[in-house]
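See below for the structure under consideration.
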Amino acid sequence: MDPLKNKTKLSVNINKLATIRNARGGNNPDILSFAKKIESYGAHGITVHPRPDERHIRYDDVYALKDLVTTEFNIEGYPTDDFIKMVLNVKPHQVTLVPDAPEALTSNNGWDTIGHQQYLTEIISEFRRNNIRVSIFLNPDIKYLESAKATGADRIELYTEYYATRFASDKKIAIKNYIATAFEAQKLELGLNAGHDLDLHNLKYFAQHVPGLLEVSIGHALICDALEYGMANAVKMYLNQLEA
Ligand code: PXP
């Protein structure tokens with residue numbers, strides 16, 4: 001398959017906007033209004049990652065976004081009971097399960113799908129019964145793929161921090177395991193997403209070389225770029241990186 005033929009979708013993670021809002025306790029920036037704007041600038045989806053302490057996106061934001069987002073709505077998070085209940089109520093297009101501890105600053109590892117296969121299978125079957133697509137966050141290592149498939153997940157999201165950190169020094173080495181994992185995922189008919197630390201420098205190379213990349217979810221760098229270029233320009237700049 002020619003990776004250049006796949007148009008990868010951009011889902012914008014708006015957590016950072018909520019972090020700025022929460023710093024002052026009011027409603028500035030208004031994240032609901034920004035979600036609509038980001039969609040109107042061409043993004044294919046909106047991602048939120050509510051955490052138990054609600055330090056950025058809050059559960060009430062997620063409910064408010066439910067009726068507002070008209071592109072793909074993706075909710076990420078660790079599957080606590082409260083998280084699962086909320087996702088089943090909101091019924092987003094996609095839920096991305098992440099194995100991060102509540103106090104983690106940001107997602108910092110993929111699932112051990114071998115050790116947690118049974119646990120994930122039970123949770124995923126409930127989401128699938130409710131017609132919610134399920135993606136699970138994974139390190140780029142083919143050893144996790146068969147058990148990932150066995151959990152019933154529709155997709156995997158490759159954790160791209162390793163790639164992003166090594167991109168500047170040796171991009172061919174940095175991307176090697178991602179390409180291998182992507183080919184193996186295709187064989188198993190697992191859809192492929194990716195995210196974490198993707199930015200205007202490293203995104204294009206990743207999208208051009210990783211086969212079958214369906215979606216990237218990008219937050220931190222895009223919101224930082226929006227400070228310099230404006231949100232409309234920033235979204236368009238990221239979309240341009242995804243055009244072959
Ligand atoms: N994917 C997952 C699972 C994440 O937890 C995050 C960060 O919340 C992202 C993607 C986006 O990462 P970044 O903010 O570095 O673009």
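Both ligands and their constituent atoms are indexed starting at 1 by order of listing. Side chains included, hydrogens not; waters and symmetry mates left out as well; all remaining heavy atoms used. All values derive from a computational prediction rather than experimental measurement.
Under a 3.5 Å cut-off, the side chain of Glu72 and the backbone N or O of Ser11 do not form any donor-acceptor pair. Asn27 places no side-chain N or O within 3.5 Å of a backbone atom of Asp30 that could act as its donor or acceptor partner. For the pair Glu39 (side chain) and Thr71 (backbone), a donor-acceptor distance under 3.5 Å is present. Here the side chain of Asn22 pairs a donor or acceptor atom with the backbone of His56 at under 3.5 angstrom.
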List ligand 1's nitrogen or oxygen atoms that come under 3.5 Å of a protein nitrogen or oxygen, with the partner atom and distance.
unit_1, atom_1, unit_2, atom_2, d
ligand 1, 1 (N), Glu76, OE2, 3.2
ligand 1, 1 (N), Glu157, OE2, 2.5
ligand 1, 5 (O), His49, ND1, 3.2
ligand 1, 5 (O), Glu76, OE1, 3.3
ligand 1, 5 (O), Ser107, OG, 2.5
ligand 1, 8 (O), Asn13, ND2, 3.4
ligand 1, 14 (O), His220, N, 2.8
ligand 1, 15 (O), Asp197, N, 2.8
ligand 1, 16 (O), Gly219, N, 2.8

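The aromatic rings of His116 and Trp111 sit perpendicular to each other, their planes meeting at more than 60°, with 30° as the lower class boundary.
Checked against the 6.0 Å centroid threshold, Tyr163 and Phe167 count as a close aromatic pair.
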